There are 2 protein chains.
Amino acid sequence: MRRIFRSLVSIEEAKQKLEESLKIERKVEEVSLRSSYGRIIAEDVYAPIDIPPFDRAAMDGYAVRAEDTFGAEEDKPIRLKVVGRIEAGDKPEVEVNKGEAVEISTGAAMPKGSNAVVMVEYTSAENGDVLVFRPVAPGENVIAAGSDIMAGELLVRKDTRLTAREIGTLAAVGITSVKVYSKPVVAVISTGNELIDGGELEYGKIYDINSAMLCAAIEENGGKAVYLGIARDNEEEIRKMIEDGLKTADIVLTSGGTSTGIGDMIYRILDNLGEVLVHGVAVKPGKPTVIAIANNKPVFGLPGYPTSAFMIFEIFVAPLIRRMAGVSKEDSRLKAKLSSRVFSALGRREFLPVNIVKGEGYTAYPVTGNYSAAISKLGEADGFIEIPESRAFVEEGEEVEVKLFSTLKPADLIIIGSHCVGIDVLLELMRKGKPFTSKVINVGSSGGLAAIRRGEADIAGVHLLDAETGEYNAPYIKRYGLRGVVLVKGYMRDQGFIVARGNPKDIKGFDDLLRDDVTFINRNQGSGTRILLDMHLKKIAEQRGVKLEDVTAKIDGYTIEAKSHTAVAVAVLMGKADVGLGIRSVAERYGLDFIPVRGEEYDFVIRKERFEKDVVKRFLDTLRSEEFKKELEKRLPGIRAYEKTGEIIEFT
Amino acid sequence: MRRIFRSLVSIEEAKQKLEESLKIERKVEEVSLRSSYGRIIAEDVYAPIDIPPFDRAAMDGYAVRAEDTFGAEEDKPIRLKVVGRIEAGDKPEVEVNKGEAVEISTGAAMPKGSNAVVMVEYTSAENGDVLVFRPVAPGENVIAAGSDIMAGELLVRKDTRLTAREIGTLAAVGITSVKVYSKPVVAVISTGNELIDGGELEYGKIYDINSAMLCAAIEENGGKAVYLGIARDNEEEIRKMIEDGLKTADIVLTSGGTSTGIGDMIYRILDNLGEVLVHGVAVKPGKPTVIAIANNKPVFGLPGYPTSAFMIFEIFVAPLIRRMAGVSKEDSRLKAKLSSRVFSALGRREFLPVNIVKGEGYTAYPVTGNYSAAISKLGEADGFIEIPESRAFVEEGEEVEVKLFSTLKPADLIIIGSHCVGIDVLLELMRKGKPFTSKVINVGSSGGLAAIRRGEADIAGVHLLDAETGEYNAPYIKRYGLRGVVLVKGYMRDQGFIVARGNPKDIKGFDDLLRDDVTFINRNQGSGTRILLDMHLKKIAEQRGVKLEDVTAKIDGYTIEAKSHTAVAVAVLMGKADVGLGIRSVAERYGLDFIPVRGEEYDFVIRKERFEKDVVKRFLDTLRSEEFKKELEKRLPGIRAYEKTGEIIEFT
């Protein structure tokens, strides 16, 4: 395998090389005004005519010579001879002489000789005459020609995004088509033998993520995406597709095939077709990026991992599309405090996706784990932060600048805490009313309390068992020193062992987890379920006179953490584990067996001031409703509303 | 003419009546994932499979049993037998036993028996064996099945707007189509004999503004507009179009035909077709609004004046479209200080369009004049404020809440002050570079200085002649007490009389303006041109020993104010005035004659801290450029750069 030398360049160098080699042309096309909404206009438009083009009646009434009405009073009307009638749209043929009037409707052209309109309310028709009960001043109730727009005025300036109001202004002067910037056409190619585009999934294959995602991102930035398909890892096939792209598009994107093993293929192809400017960027994620120019068009070889591909798109491709589309860069950055310390590699820029939650200010929750390969991490995130080459870590609480993926639309309702399917049902019932957006971040019960303390969550769902008192939740609120919050009692959930149908491993209690022939799936630290487990394991350790670690070391799977009850059930269903701890309703949903351990109280912690929020009121109303109680019974055996549901305990 | 009784209702009553009579259904349709960008998803989507669906290699290298590599060192490699090779997309047939390895590429499925990948960098191939120079831990360089998404996880929640990232997440699990809310179809009908749709303008006719504007506004709020055409003021024709609309659309809008004279036609038609809920709303603008239900569909009879129609659309129709489309209401309000006192009628809610400019905070500039009929006022505005029924006026500086028409996109460059075509050329040259947005508000030189003081303008264009010293601009900065600003010398402009070709009225000087046979067109108060005029008129008054008012009263047209130089020239061109005061370049552009009065210095006032702004730097660079100088010479005779152009005078 030939190894091509690759010298990593910085983002700034890569951008500069691209800038030097590329002459950006903005193409222009003419579209009908009616289909121009949202487009960027490519010309200054001046008014060719006055608007209105003639003096118009502003009211229904009589066009008169104002001087004739002077002296009119309620009990001493002035009589004028009605010599005609003009409707809107008529070309006025009649003239108003001294002592005469013309009946006129709103919007009609004023007849010659007249200079004011008496409103119909202040007149009375009588035998072909009209009695006028109030005088009018010259110009009264008349919209003068050119008073709205004067011919020669600049109506819409080049580079403006056309909204309803600009379109109305252009329609007013009779314009029916406008020159707008063409949307740059971007061809999208995915590469990789492992990719398939929907359909049945063979072992070893995965669904293509990048093409659908990049097509949407191209549209988001003002471009037009053309999807060319999936190329196998075959030099001929990839070259052919890139050539097709160069024929029809302004920019060509490939993704995948850029890592060393298979790869360097994209490099060789682009080196043949044109000039490779960049082969490798000192950035995480996205190092194996290739940037080339062929046919005077930029070609980007993006990494195959979805988050890497998306980040490199955001850094290099999106600004280019926007420039070509004439879209002025929108300000979509905000300052936030980092929720926890993160580490980064020295000498390499890192773009770390974060989730934004608004509390006192904004808090950025960094995504964790191997995020470059994980589409779910990207899906959750609101934007990313940039960690410079010179930093080995960024401190918890440090202010960071977040570049948003799109305009931040803070969710109407933010629930942070322990995962519960009861919340899904509750949200579903709430959704029958006015639409709202919600964000549910599952970080376990303790994480929920921390988010409440920082004012980030409206509601935290918690089920924290106090090992000493045997009481749920309230002791933890005191222990955390939370003030100005209330505990809203939720519902009871049956916690227990989730096992395969028929309980083949014959699980009866916590001791069975230590058996060699039993594989366990655990929950994440800080979750209420995990605390329940560890409480029981501690008892076992005490009984056996060993350390807790000695007990946990015996449990096969203790270190494998699922993020939710559902994930636990699915692991058991698929035979990845024999048993997990979770709630009955989830076990039943997947047709699994359930061995109850104890009923636990799942409650909600809410900051008091959030009771003002409409959506929080709806949450409480729904929680207390008969409908919710019935839906739980019907759909979620093992979760049940009880006499305390909706009760409020204040912590001042 | 039958007069139909109409009792005005408040906005709240009208909304309540609509709410009670209407059952809103959100329709759902299935679209391909690739075309779902920006749509609102109508279902909760759970993951049907794990992602990745199998354990994958995260790196190029060798799949091994981690235990076999323990003890490997740089100078003491461990030798493994290579038993196969797996590329991404292959179904692995081979198994890894003790002492064996399989060559593997990034993304490929891990073969049975292996539990880690040794990166190719830490290996060396040798005669069908591989030497491993570093140990790996179990799971190292492996992306575990389900580690990204676990089957059963909620992927995208109902009512979410689909962006690139949600679409990527859905593509990951093989979803190729999604259920989204159908865009509610809204039929648009314009009514009025006076309306035409583009083409040549006969006297008495005007171009239809509302249909193009409303179609765009419908799209803006997530609906699909269907334009049905212009109906004449004819009951049959209008009824037929509304019936067509009711067949195909979810909502029907008409505009026009709602005032008393012609009107009540819409009322009668809707009374026949269904039930009229509201006939007249106590609101300005938009009083003659009709709201009805026919075929269980809402029909709105909007006023004919464009601003009135748009406001009523924003108040009643837009929220309805958004609800039907599942679009959650976006927060598009902001607090601003009112720039000047405005009066309003008691007993009637007023929706007053305003222009937002950002300074220390936001300032709302109310539009002035008869704005309901004027599309240009709406085009300029950023949003509107609501003045309650109980208020006769709102005070200057009072905090108001502005409802934005769309998300506020503050212009990159704000120029407030006197109008000059030289600025248009300058902006055009600047536009050759990176796109930017600009807002040019022409309020005259004094208005520009006030905007600089309040920090609202980046740049003010001024040409204020000090009558005492004969000096331009600098004396006014001192008089206004402006600090922390600089005066940037601009260019010279020839000011003089603009008259028809051949100067038919033989205008020689200011005395001629007082002649009975001469009609003048004036500039707005506060403009530099107006000051120049009044200075000369004052001299005439002194010479004649009369009051200034006696002189101005003699000038026919003294009270008619054009907003710009261009508007003055056009008025002369069209014979609406014989003479106006303005600059040479504008006279030449329109083929008019010009009688010079004096050269004036057109300068720019800039707040010092704004020099930091990239776009302000570009403004200065362009002002000082040779290119600008040449363009002025070529295109704008009478405007010329000179030795002082670009000079800076600081005022600290």
Side-chain angles (χ1 to χ4, degrees), chain A residues 33-34 37 52-53 60 87-91 105-107 109 143 148-152 159 163-169 171-172 174 176 192-194 198 203-207 209 212-213 215-217 219-220 259-262 306 326 328 373-376 378-379 406 435-437 566-567 570, chain B residues 33-34 37 52 60 87-91 105-107 109 143 148-152 159 163-169 171-172 174 176 192-194 198 201 203-207 209 212-213 215-217 219-220 259-262 306 326 328 373-376 378-379 406 435-437 566-567 570:
Chain A
L33 186 66
R34 245 180 253 292
Y37 171 73
D60 290 335
E87 299 277 358
D90 290 351
K91 183 172 175 185
S105 66
T106 305
I143 303 173
D148 185 354
I149 296 169
M150 276 199 184
D159 293 344
T163 71
R165 292 163 308 116
E166 285 81 23
I167 289 171
T169 305
T176 53
N193 289 338
E194 73 277 26
Y203 195 86
K205 308 285 186 191
I206 58 167
Y207 292 113
I209 298 175
M213 180 181 72
C215 286
E219 234 183 284
E220 200 157 11
S259 68
T260 42
I262 296 300
S328 74
I375 181 67
S376 61
L378 184 65
S406 43
F436 65 96
T437 57
T566 310
V570 171
Chain B
L33 186 67
R34 246 180 253 290
Y37 171 73
D60 290 337
E87 298 278 357
D90 289 350
K91 185 173 172 184
S105 66
T106 305
I143 304 173
D148 184 355
I149 297 170
M150 275 202 184
D159 293 343
T163 71
R165 293 163 307 118
E166 284 81 22
I167 289 170
T169 305
T176 54
N193 289 337
E194 74 277 24
L201 197 61
Y203 194 85
K205 308 283 188 192
I206 58 168
Y207 292 112
I209 298 174
M213 178 181 72
C215 286
E219 233 183 289
E220 201 157 12
S259 67
T260 41
I262 298 299
S328 75
I375 181 67
S376 61
L378 184 65
S406 42
F436 63 97
T437 57
T566 310
V570 172

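Please read these numbers as outputs of a predicted model, since none were measured by experiment. Letters go in sequence order (proteins before strands), and every chain restarts at 1.
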Query - No-hydrogen, no-angle side-chain donor-acceptor test under 3.5 Å, A/Ser105 and A/Asp60 - result: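 No, no side-chain donor-acceptor contact under 3.5 Å.
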
[X] versus [Y], closest heavy-atom pair with distance:
X        : Y        : answer
B/Ala216 : A/Ala164 : CB-CA, 3.6 Å
A/Gly107 : A/Ala88  : C-CB, 4.1 Å
A/Asp148 : B/Ala374 : OD2-CA, 3.2 Å
A/Gly168 : B/Ile375 : C-CG1, 3.6 Å

By a 4.5 Å heavy-atom criterion (distance strictly below it), what part of [X] contacts chain A: side chain, backbone, both, or neither?
X        : result
B/Leu201 : side chain
B/Ser376 : both
B/Ala171 : both

Query raised in the report: Is it the side chain or the backbone of A/Ala109 that comes within 4.5 Å of chain B heavy atoms, both, or neither?
Result: side chain

Query raised in the report: Given a strict heavy-atom distance threshold of 4.5 Å, which part of A/Pro306 is in contact with chain B: side chain, backbone, both, or neither?
Result: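 When you check distances to chain B, no heavy atom of A/Pro306 falls under 4.5 Å.
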
Query - Distance (rounded to the nearest 0.5 Å) between A/Arg165 CZ and B/Ile209 CD1 - result: 14.0 Å

**Report entry** Largest heavy-atom contact set with chain A, pairs under 4.5 Å, which of B/Gly198, B/Ala172, B/Gly326, B/Cys215
**Finding:** B/Ala172

Report task. Count the heavy-atom pairs under 4.5 Å between each of B/Lys91, B/Glu220, B/Met213 and chain A, then report the option with the highest count. Result ->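 When all of B/Lys91, B/Glu220, B/Met213 are compared, B/Glu220 has the most.
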
Query raised in the report: Top residue by heavy-atom pair count (under 4.5 Å) with chain B, among A/Leu33, A/Thr176, A/Asn193?
Result: A/Asn193

Requested in this report: Report the option among A/Thr163, A/Asp159, A/Ile149 that has the most heavy-atom pairs separated by less than 4.5 Å from atoms of chain B.
Outcome: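 Winner by heavy-atom pair count: A/Asp159.
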
